[in-house]
Amino acid sequence: MQIVEASGLGLRTRRGWVYRDVDLTAEAGELHAVTGPPGSGRTSLLLALAGRFPHTDGELRRRGPAALGQVAGVHEPDPTLTVAEHIQERLLLLGPVPRRRRQLVPVAAVRARRAYRRDAFAAAIAGAGFTDVPLDPDRYGRDLTPVERQVLGLVLASLSGPNLIVADDVDAGSDAPEREWIWSALARLADQGYAVVASARAVEPGGTAIVHRIGDPTLPAPALVAPRAAQDQTPEVTA
């Protein structure tokens, strides 16, 4: 099932193109990687795919809800909350999955939201399939490493049971083993049925992600636009 479909997608401002002519179709269970140098518009594109940023050219269709993982400056851990508190807060805000939606939400997300009064941390980590990461529930947001911030963002995103999960700059500040692990973790999320789109400067060799490179140097240099969590008018098709 197609979750998001972008055709000729672009964003142009008075200072020029941020990104342009992007074609991307992601189905449930697929992992896609948007690669390119800094300033190539990766963040703006990901936010547009998730319905959090406008686009000026092309067409974009999305089926069902989308959730953000880590996006610097837009969706980041609260420095004053612990990992466990982030998860508890998110579960309390989400509340139980309505009965009418339970068949549409991954079983792991339903179980995690039922466990918010018990061991929410363990249920959320297990539900995302990240039990092999040494994430300390008592660690504060301000002390998290880049990889830990990515992991927490992905766990929080999975709790709402979205159709689409996006995460930005997943290879930032990490070494080779960490990058290999994060791409493996993203693939595991896709295996659970999510459509996953992540941005990075490059993809680790041997990965399973479908790669889309933007920021072709033959195109006009993109203008830098500070991302903001603004809702666009993307038409959404309900399942």
Side-chain angles (χ1 to χ4, degrees), residues 28 31 46-47 50-52 64-99 101-174 178-179 181-199 227 229:
L31 169 60
L46 257 64
L47 291 173
R52 306 297 182 92
L68 299 182
Q70 160 80 5
V71 181
V74 176
H75 194 256
E76 299 181 284
D78 187 318
T80 65
L81 295 181
T82 66
V83 169
E85 288 169 344
H86 276 92
I87 292 171
Q88 291 166 351
E89 179 185 64
R90 181 63 56 87
L91 290 171
L92 286 169
L93 289 172
L94 290 170
V97 179
R99 186 178 298 275
R101 289 201 67 236
R102 288 179 187 170
Q103 297 301 317
L104 304 176
V105 175
V107 173
V110 175
R111 289 174 177 169
R113 286 165 68 169
R114 285 174 175 169
Y116 75 96
R117 292 187 182 277
R118 294 180 281 112
D119 194 348
F121 173 80
I125 295 296
F130 295 162
T131 53
D132 58 335
V133 62
L135 192 60
D136 184 350
D138 297 321
R139 193 176 179 89
Y140 284 93
R142 60 176 173 264
D143 300 323
L144 296 177
T145 67
V147 171
E148 289 170 338
R149 294 167 73 88
Q150 290 289 345
V151 171
L152 178 58
L154 293 171
V155 170
L156 294 175
S158 71
L159 293 176
S160 63
N163 287 16
L164 171 67
I165 295 176
V166 304
D168 192 33
D169 276 336
V170 297
D171 57 351
S174 58
E178 290 172 332
R179 290 193 297 271
W181 186 92
I182 197 69
W183 284 110
S184 171
L186 291 164
R188 276 179 271 168
L189 278 177
D191 288 342
Q192 293 185 44
Y194 301 105
V196 182
V197 183
S199 79

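Side chains are part of it too, since the values below use all heavy atoms of this structure and drop only hydrogens, waters and symmetry mates.
- Put simply, CD on Glu85 and OG1 on Thr80 are 8.0 Å apart, with the number rounded to the nearest 0.5 Å.
- Two residues are said to be in side-chain contact when any heavy atoms from C-beta on lie closer than 4.5 Å; Gln70 and Val147 fail this criterion.
- Here the side chains of Thr82 and Arg139 are not in contact, with every heavy-atom distance at 4.5 Å or above.
- Contact record, Leu68 with Arg52: CD1-NH1, 3.6 Å, taken as the closest heavy-atom pair.
- Atom CD1 of Ile165 is separated from atom CG of Leu154 by 6.5 Å, given to the nearest 0.5 angstrom.
- Listed here is the closest heavy atom pair of Val197 and Leu46: O-CD2, 3.9 Å.
- Interatomic distance, Ser160 OG to Arg90 CZ, rounded to the nearest 0.5 Å: 7.5 Å.
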**Request:** Assess whether side chain to side chain contact (heavy atoms under 4.5 Å, CB included) is satisfied between Ile182 and Asp171, documenting all intermediate values.
**Result:** CA-CA 8 Å; Ile182 197 69; Asp171 57 351; 5.9 Å; no
**Request:** I would like to know whether Leu152 and His86 meet side chain to side chain contact (heavy atoms under 4.5 Å, CB included); could you show each step before the answer?
**Result:** CA-CA 8 Å; Leu152 178 58; His86 276 92; 4.0 Å; yes
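- The minimum heavy-atom distance between Ser158 and Val155, with the atom names listed, is OG-O, 2.8 Å.
- Between Arg188 and Asp132 there is a salt bridge, since at least one side-chain N of the basic residue sits less than 4.0 Å from a carboxylate O of the acidic one.
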**Request:** Let me see the working for Thr145 and Glu148 under side chain to side chain contact (heavy atoms under 4.5 Å, CB included), right down to the final yes or no.
**Result:** CA-CA 5 Å; Thr145 67; Glu148 289 170 338; 3.2 Å; yes
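- Nearest heavy atom pair, residue Gly64 against residue Asn163, reads CA-ND2, 3.7 Å.
- The two residues Ala50 and Val166 make their nearest non-hydrogen contact at CB-CG2, 4.0 Å.
- Side-chain atoms of Asp138 and Val83, non-hydrogen and from C-beta on, never get closer than 4.5 Å to each other.
- What you find for Tyr194 and Pro162 is that their closest heavy atoms are CD2-O, 3.2 Å.
- Checking side-chain atoms of Gln150 against main-chain N and O of Asp168 turns up a donor-acceptor pair under 3.5 Å.
- Listed by first and then second residue, the ring pair (Phe, Tyr, Trp, His ring centres under 6.0 Å) pairs that reach into residues 129-150 are Phe130-Trp181, sequence neighbours excluded.
- Atom CG of Asp169 sits about 12.0 Å away from atom CZ of Arg149, to the nearest 0.5 Å.
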